[in-house]
Amino acid sequence: MPVTETSKTVDKKAADDSQPAIVIQDVTKSFGSQRVLDGVTFHVRRGETLAVLGRSGTGKSVLLRIIVGLQEPDSGAALILGTNMAEADPAALGAARTQMGFLFQHAALYDSLTVEDNVAFPLVHHRPDMSASEKKDRVRALLHEVGLDGHLDKMPSDISGGMQKRVGLARALVLDPVILLLDEPTAGLDPISSGEIDELVLKLQKQHQLASIVVTHDMISAKTIATRIALMDKGKVVIEGSFDDLQRSEEKFVSQFLHRDL
Amino acid sequence: MSSTPQVALSEPATPNPIVSFLAWFGELGVFLWRVVTSAITPPYEFAEFFRQLDEVGSKSLPLIAAAGGAIGVVLALETRNSLVRFGAKSLLPTTIIFSVITEMGPIITGLIVSGRVGAGIGAELAAMRVTEQIDAIEASAVNPYKLLAATRILACIVAMPLLTLVASACGVFMGWVAATLIEPVSLTHFISVGFKGASFKDFLPPTFKTSVYGFIIGTIACFTGMRAKGGAAGVGNAATTSVVLSSLFVILSDVILVKLILILFP
């Protein structure tokens, strides 16, 4: 889908830094009888990183899928640069998505494409104005930025999990988005690789002034890269604030989560 | 919009089989609507279409040629005995050529492609679904119905008549080889006797009816693949369902298509 008039509207909205890039308003979502999101509300501005923490199965990944428009909330709204993702027409939805980069939990690289082609995929489909050499330069610059210069022609199955996450990150950033969504960026990685990913996210975050949401279980990672942390339990945000705010909290669940107190 | 929940769900109640059956067709209708509306909207995915045409067409050629040839040999051996018994041995070329071109070539091509391509597309798209690759395509603001489904279905529609021509040609040729090994006859004589009194309406409708088979195979394979759930078991299930249903629907559609051809081209 080429960048359209609607996306220009999104661009203008994105340029207005005084407005939050992501607004989540009273979102609820149930699967059968199980309510996984129960009135979740928060916002994220450009330059901010919100880490969403919580136990497994508390709907953190579902929240990201609602933000990107892969799932619809039962009620409430996810406003991305002013676009209500559940009600947007296909053109507006496409335009909003081109302003977002999404790193999936398992990277979700296209296994029939090389590393270079994976990163180039969004450019091929959305930037007909760029020449082939410009696209190549952009892809190689991003792969250099994530430390994968020598792996352009490799297939995703031939690189490690940490490298796949880096490729996913480069793909998420290739359209120069306003918003970055990271689903468990350090899950399944060793501590050193996790630290490298955290540093990379932090560096890219500062360079691109993104509005980011990071869903994670990794408290160290959250403390390193987030400006704010939202802790979820039973579909609700129990507490939202800085890491220090969480440490000062007297809520039993917060204490249990931070210190593994049972 | 996909709906792969990332949370543990409660066990659903056992659905009514009739409701499930009707729901399946309803979902297939919605899927087809999405594919058609996305396919007719620019920009078009020509590169992916030609890649799929190669996957479906070129890479099926050896298998189709071998199957067509085998059918020609079997027909020659089986029908010769029957024709000799009734004193109609001179009809052997006509019997082989008409059988191969009007029915055996198309249906064998349909079933072979159902197996090879149906399983391939079903498993590939199912694997992409369960590893979130289809979600990643959608999150990149690229329509997966256009990129993945429309290109594959169209490739099946275009490739099927071409593959059928190959199967039929190999069937006729190998039928002649089998016949001439028993009783020598020249290829030109075999062909000229076999095609005597035939016209294009005898051969074009049966060949082009395979485009309908292609549509069925592509649609069923993409549909079952893109709605797959679970891990490896979901991928295996999608591949099996794709092959079984596309083969079944190819055979069932053949009944209708043969009748239609007989009505439209008497």
Side-chain angles (χ1 to χ4, degrees), chain A residues 1-3 7 29 31-34 36-37 56-65 67-72 85-86 90-91 93-113 118 121-126 128 156 168 171-172 174-175 181 183 215 235, chain B residues 1-15 33-35 37-48 51-52 54-55 120-121 123-148 150-152 225-226 229 231 235:
Chain A
M1 199 180 300
V3 178
S7 71
K29 180 74 181 174
F31 294 103
S33 59
Q34 188 180 359
V36 294
L37 295 175
S56 301
T58 50
K60 303 184 299 295
S61 295
V62 173
L63 186 62
L64 286 189
R65 295 173 67 85
I67 291 170
V68 88
L70 292 173
Q71 280 178 322
E72 287 182 19
M85 297 301 281
L93 192 64
R97 282 173 172 164
T98 58
Q99 297 294 316
M100 286 189 269
F102 192 171
L103 172 61
F104 284 79
Q105 187 172 351
H106 302 290
L109 301 181
Y110 310 125
D111 51 20
S112 60
L113 302 180
N118 259 283
F121 182 88
L123 285 180
V124 169
H125 287 86
H126 296 293
R171 185 177 68 184
V174 76
L175 289 177
L181 306 171
D183 192 358
V215 162
Chain B
M1 194 171 285
S2 65
S3 55
T4 312
Q6 301 295 298
V7 292
L9 304 182
S10 55
E11 195 66 32
T14 308
W33 174 253
R34 285 177 175 171
V35 171
T37 51
S38 67
I40 59 176
T41 314
Y44 304 109
E45 301 286 351
F46 289 113
E48 181 65 9
R51 200 176 75 79
Q52 290 305 323
D54 179 48
E55 283 290 328
I121 291 175
E124 182 189 15
L125 295 189
M128 290 183 76
R129 167 59 76 199
V130 301
T131 56
E132 294 186 311
Q133 291 177 56
I134 294 179
D135 289 334
I137 289 173
E138 206 169 345
S140 300
V142 175
N143 189 331
Y145 293 94
K146 176 188 291 196
L147 180 70
L148 301 177
T151 51
R152 282 164 174 77
M226 287 181 77
K229 287 175 183 166
V235 175

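In what follows, every chain begins at residue 1, and chains take the letters A, B, ... in the order their sequences are listed. Quick caveat, the model's predicted, so the values are computed rather than measured.
- With a 4.5 angstrom heavy-atom cutoff, A/L109 touches chain B only via backbone atoms.
- In this structure, the side chain of B/E138 does not engage the main chain of B/N143 through any donor-acceptor pair within 3.5 Å.
- Only the side chain of B/L147 has a heavy atom closer than 4.5 Å to any heavy atom of chain A.
- B/T131 touches chain A through its backbone: at least one of N, CA, C or O sits under 4.5 Å from a heavy atom, while the side chain does not.
- Neither the backbone nor the side chain of B/E124 comes within contact range of chain A, judged by heavy atoms closer than 4.5 Å.
- When heavy atoms are compared at a cutoff of 4.5 Å, A/F102 approaches chain B solely by way of its side chain, counted from C-beta outward.
- Salt bridge B/R152/B/E55: absent, no basic N to carboxylate O contact under 4.0 Å.
- Using a 4.0 Å cut-off between a side-chain N of Lys or Arg and a carboxylate O of Asp or Glu, B/D135 and B/R129 qualify as a salt bridge.
- Between B/T151 and B/K146 there is no side-chain heavy-atom pair separated by less than 4.5 Å.
- Between B/E132 and A/R65 a salt bridge is recorded (basic side-chain N to carboxylate O distance below 4.0 Å).
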